[in-house]
Amino acid sequence: MSQIVYLNGQFLPIAEAKISVLDRGFIFGDGVYEVIPVYSRHPFRLAEHLRRLQASLESIRLPNPYPDTEWTTLITELIEKNATEDQSLYLHITRGVAPRDHAFPANTPVTVFMMSNPLITSTRAQCETGVAAISHADNRWGRCDIKAIALLPNVLLRQMAVDVGAVETVLFRDGFLTEGAASNIFAVKKGVLLAPPKDHHMLAGITYDLILELAEEHKIPVEVRKLTEARVRAADELWITSSTKEILPIIQLDGKPVGKGKPGEAFWQMYNLYQDYKQQVMRHASP
Ligand code: PDD
């Protein structure tokens, strides 16, 4: 089964999907995207992803090309046309094709692109070992809540981690934790789950919301508050969360152990809750 993608109303093999070099996504990074994990061919938290997509589109003043029902139909079809049971569905909308000019073009249809790749989540072995992270000043723009396709700062920040054999770069802005280069970050101190509040300096992760919901449901103490760099460095546990990584423990930050230097109790509790939730949702999801 070759990889089938969706482009502007058509499903076609990836090699045949072509866009103009004048697409504003290519020229300006003028667009937004979503990454939706798909388990056993069921898109996970689709309504929430579509809601965040709507918010991103509104923030960049782009009309949503489809109602949610249409998105659902297209996404379902794309999942069916691709081979693996678990997929990572990438959805991308740009301000379309127009002569290069920073200002918005008039009456230009948007470009809609979707592709699906096999979902590669964190492995159980990675969770048992834990991963290393580094930190850096958050030098991105002031609207990190928009899931914008213009990701150059995130690309550079994450590459810094990869260059030193780490998996993520933890970002601090004005002395406070924001998020990771491609993930949200949680801390745990004395059994309390600590999460930075949603604002313009971080992306409101769908996984972030789920972790907080699971914590509330299972009576895990939570504090959503701004976290100073010192608190993060003194945490017993640090976690990375995202749709593709799910939940992953950081055991080393900038070469120093986090807490006891191994995945903590709170991590395993949340890991199990997350895996159980996934199973439940899959069992009850409509076909
Ligand atoms: N990124 N913050 C940033 C900067 C991210 O890029 C992501 C996810 C998240 C977590 O959001 P969610 O839980 O909804 O996946 C937070 C995706 C996976 C990506 O760009 O590939």
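This one's a predicted model, so the numbers in the text were calculated from it and none came from an experiment. Whatever order the structure lists them in is the order used to number ligands and atoms, beginning at 1.
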Does either side chain, that of Asn64 or that of Trp71, offer a donor lying less than 3.5 Å from an acceptor on the other one? yes
Between Thr111 and Asp23, do the side chains contain a donor N or O and an acceptor N or O under 3.5 Å apart? yes
Is the ring centre of Tyr33 less than 6.0 Å from the ring centre of Tyr90? yes
Can you give me the closest heavy-atom contact between Leu193 and Met270, atom names plus distance? CD2-CE, 4.4 Å
Quick one: salt bridge (charged side-chain N to carboxylate O under 4.0 Å, His left out) partners of Lys198, sequence neighbours excluded? Asp209
Arg95 to Phe28 six-membered ring, cation-pi geometry met (6.0 Å, 45°): no
Quick check on ligand 1: any N or O pairs to the protein under 3.5 Å? One line per pair.
unit_1	atom_1	unit_2	atom_2	d
ligand 1	1 (N)	Lys147	NZ	3.4
ligand 1	2 (N)	Glu179	OE1	2.6
ligand 1	2 (N)	Ser183	O	3.4
ligand 1	13 (O)	Ile206	N	3.4
ligand 1	13 (O)	Thr207	N	3.0
ligand 1	13 (O)	Thr207	OG1	2.5
ligand 1	14 (O)	Arg52	NH1	2.8
ligand 1	14 (O)	Arg52	NH2	3.1
ligand 1	14 (O)	Ile206	N	2.9
ligand 1	15 (O)	Ser243	N	2.8
ligand 1	15 (O)	Ser243	OG	2.7
ligand 1	20 (O)	Tyr33	OH	2.6

